[in-house]
**Student:** 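I have a structure here, written as structure tokens, and I will follow up with some questions on it.
Just so it is clear: chains get the letters A, B, ... in the order the sequence lines come, proteins before strands, and each one is counted from 1.
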Amino acid sequence: MDSETLMATFLRRGILWPTAEIYGGIQGFYDYGDAGGAIKRNLESAWDRWFVGLSPGYYRIEPAEVLPEAVLRASGHLANFADPLVTCDSCNERFRADTLLEEWGEKDVEGLRVEDLQARISQINKKCPKCGRGKISPPKAFNLMFGVDVGTEGRERAYLRPETAQSSYLAFSRLWNVMRKKLPLGVAVVGKAYRNEIAPRQVLFRMRAFTQAELQIFFDPEEPAASWKLPVDAKLPVLTARRRARGDTEHLLTPASELVASGEMPEFYAYHLYMSYLFYRDILGYPERSLRLFEKNEKERAFYNRIQYDIELKLESLGGFKEMGAVHYRGDYDLSRHSEGSKSDLGVTLDGGKHLLPHVLELTFGIDRNIWGLADVHLHKDQDRTFWSLPSYLSPLVAGVLPLIPKEHGALANSLYQSLRSEGFRVTIDEAGSVGRRYARLDEVGVPFAVTVDRDSLTNGTFTLRARDAKTQQRLSLPEIILELRRASVSPVPSSVGPTAP
RNA sequence: GCGGACAUAGUGUAGUGGUUAGCACGCAAGCUUCCCAAGCUUGCAACCCGGGUUCAAAUCCCGGUGUCCGCACCA
């Protein structure tokens, strides 16, 4: 689906719109509407069922969105997320002020304040290293974090979290005790993160407030869980850094066992990469050919990541592969930084006396961009209608109830609607316009079923159940319909696809 | 942030100084209709914001905001 049609559909159907739209909006912020919000919640819950469901030792927490400065100092965000930038006034090239000074041979520039950097730069007064002509502008602090002042006098410096992961690291020590001291321990967070992006763009792809779903798995690298075993036939569509370095640009569906045997990645990593891939392929229904696992090389990935594959989806609307999620092997970076920063030992002692600082494997997903992805991949237009073939458990509603002739079937339709609601289904009732028009309205927001009440319904209590994609109908009784809708409402869990949990 | 383009009903658009601001889809009410955006009737709904030029501005100029494209950024 092209991005214009996609966005027009989103706006027209109230999936989402710019925040504070009537005031002209605010760059990088969007609000979800009723259907959009429902899809988002369903996606989050499908994610939860899949990833938190990977093991009984995995838990989901709901932490605060504001973090004290000390946390972000320890995590490295304060230093790395607030670059003082300078610009060449001739060629417009941009540099980090501190690295530019280092390039000029200056010493001890690490951690200088913006004013000091400014003084040093104007003192040296060299030309732009790129074009050799331009003058370098005074440095400007670009803090990519939103600061908040806590307390009525704003004495305490804090920030909106720039990623949800930190909250999981902070919770580790308590959960270690609460969850009875076992590794691996998984701590999931689904929630908002905030980044003051320089140039937010492409709607749901670079937002300043966005939702992440992240699972941090704390484990013993010397003894990964026994259950982290790949199915024998597991294949991964990888583009490894090694092959990229040779100039290859195409991903290859490679047996996971081969990647492990050749030392490309350890099995615990391959297992989680595979489970993440399955989530996209089987739960979100992204076509196999549109997915690839793109390894970031040493230069591209964050310095603390030992292995990083981005899970990328080929999007027609954005003209290429885009990152939808990632699997990061972060080693013991996080717990060691927070041990140091908080002056508390986050190491653990296992049953048997072994002491270690657990390593972290991070599975991270952008919820909003996947809503865009679901539309890009599943929103179809044929000659006479637009239909969104969303996986049924992600749909905002499981069914619409339609009286064929409202005057004649309205009353029965209403009681059917009430019955389905009391069964716990998300349903709507629509009596306005021709039945074809009403089908089309449901199709466009991805509702998988329409239950139509007709003449026969009045006499024998059966209804037609119409499927969104094929437009086929079958005549069923209420209990049969309930069974069908029940099945459609539930997203798959790992045991039904992958290996079983410990 | 820089450079360029753009901004008209809910959506897509027409309108280059004087228009009752047009069209399509949509939406609402009614009629019709036993199954896929059908038809008929009636109705709803717009010039991004703020200044300026002009007798007169959706239209020209300036500023802002937002969107898109390229560059940069994306720990």
**Student:** Can you list the residues that meet the salt bridge (charged side-chain N to carboxylate O under 4.0 Å, His left out) rule with A/D34, with sequence neighbours excluded?
**Tutor:** none
**Student:** Distance only, no hydrogens: is a donor on one side chain within 3.5 Å (strictly under) of an acceptor on the other, for A/D310 and A/Q308?
**Tutor:** yes
**Student:** Of the non-hydrogen atoms in A/Y286 and A/N370, which two are nearest, and what is the gap between them?
**Tutor:** OH-OD1, 2.9 Å
**Student:** Considering only atom P, compute the distance from B/C27 to B/G52 and round it to an integer number of Å.
**Tutor:** 42 Å
**Student:** Would you kindly give the OH-to-P distance between A/Y23 and B/C48, to the nearest whole Å?
**Tutor:** 18 Å
**Student:** Are any protein N/O atoms closer than 3.5 Å to N/O atoms in nucleotides 66-69 of chain B? If there are, list each pair with its distance.
**Tutor:**
{"from": "B/G66", "atom 1": "OP1", "to": "A/Q27", "atom 2": "N", "distance (Å)": "3.3"}
{"from": "B/G66", "atom 1": "O4'", "to": "A/G24", "atom 2": "O", "distance (Å)": "3.3"}
{"from": "B/U67", "atom 1": "OP2", "to": "A/Q27", "atom 2": "NE2", "distance (Å)": "3.1"}
{"from": "B/C68", "atom 1": "OP1", "to": "A/Q202", "atom 2": "N", "distance (Å)": "3.4"}
{"from": "B/C69", "atom 1": "N4", "to": "A/R201", "atom 2": "NH2", "distance (Å)": "3.2"}

**Student:** From CG of A/D382 over to P of B/C36, roughly how many Å is that when rounded to an integer?
**Tutor:** 15 Å
**Student:** Would you write the dot-bracket representation of RNA chain B, where each base gets (, ), [, ], | or . depending on whether it forms a Watson-Crick or G-U pair under 3.5 Å and with which partner?
**Tutor:** (((((((..((((....[...))))((((((.......))))))...(((((..]....))))))))))))....
**Student:** Below 30° counts as parallel, above 60° as perpendicular, anything between as tilted: where do the rings of A/F51 and A/W47 land?
**Tutor:** tilted
**Student:** Would you please classify the geometry between the A/F10 ring and the A/W388 ring as parallel, tilted or perpendicular, with 30° and 60° separating the classes?
**Tutor:** tilted
**Student:** Could you list all N or O pairs between the protein and nucleotides 24-31 of chain B that sit under 3.5 Å apart?
**Tutor:**
{"from": "B/G26", "atom 1": "OP1", "to": "A/R437", "atom 2": "NH1", "distance (Å)": "3.0"}
{"from": "B/C27", "atom 1": "OP1", "to": "A/R441", "atom 2": "NH1", "distance (Å)": "2.6"}
{"from": "B/C27", "atom 1": "OP2", "to": "A/R437", "atom 2": "NH1", "distance (Å)": "2.9"}

**Student:** Return the set of residues passing ring pair (Phe, Tyr, Trp, His ring centres under 6.0 Å) with A/H359 (not counting sequence neighbours), or none when no residue passes.
**Tutor:** A/Y329
**Student:** What's the CE-C1' distance between A/M145 and B/A75, to the nearest Å?
**Tutor:** 10 Å
**Student:** The test is ring-ring contact (aromatic ring centres under 6.0 Å, His included); show your working for A/F365 and A/Y280 and say whether it passes.
**Tutor:** CA-CA 10 Å; A/F365 305 84; A/Y280 282 107; 5.7 Å; yes
**Student:** Tell me, please, which residues at least two apart from A/K40 pass salt bridge (charged side-chain N to carboxylate O under 4.0 Å, His left out).
**Tutor:** A/E44
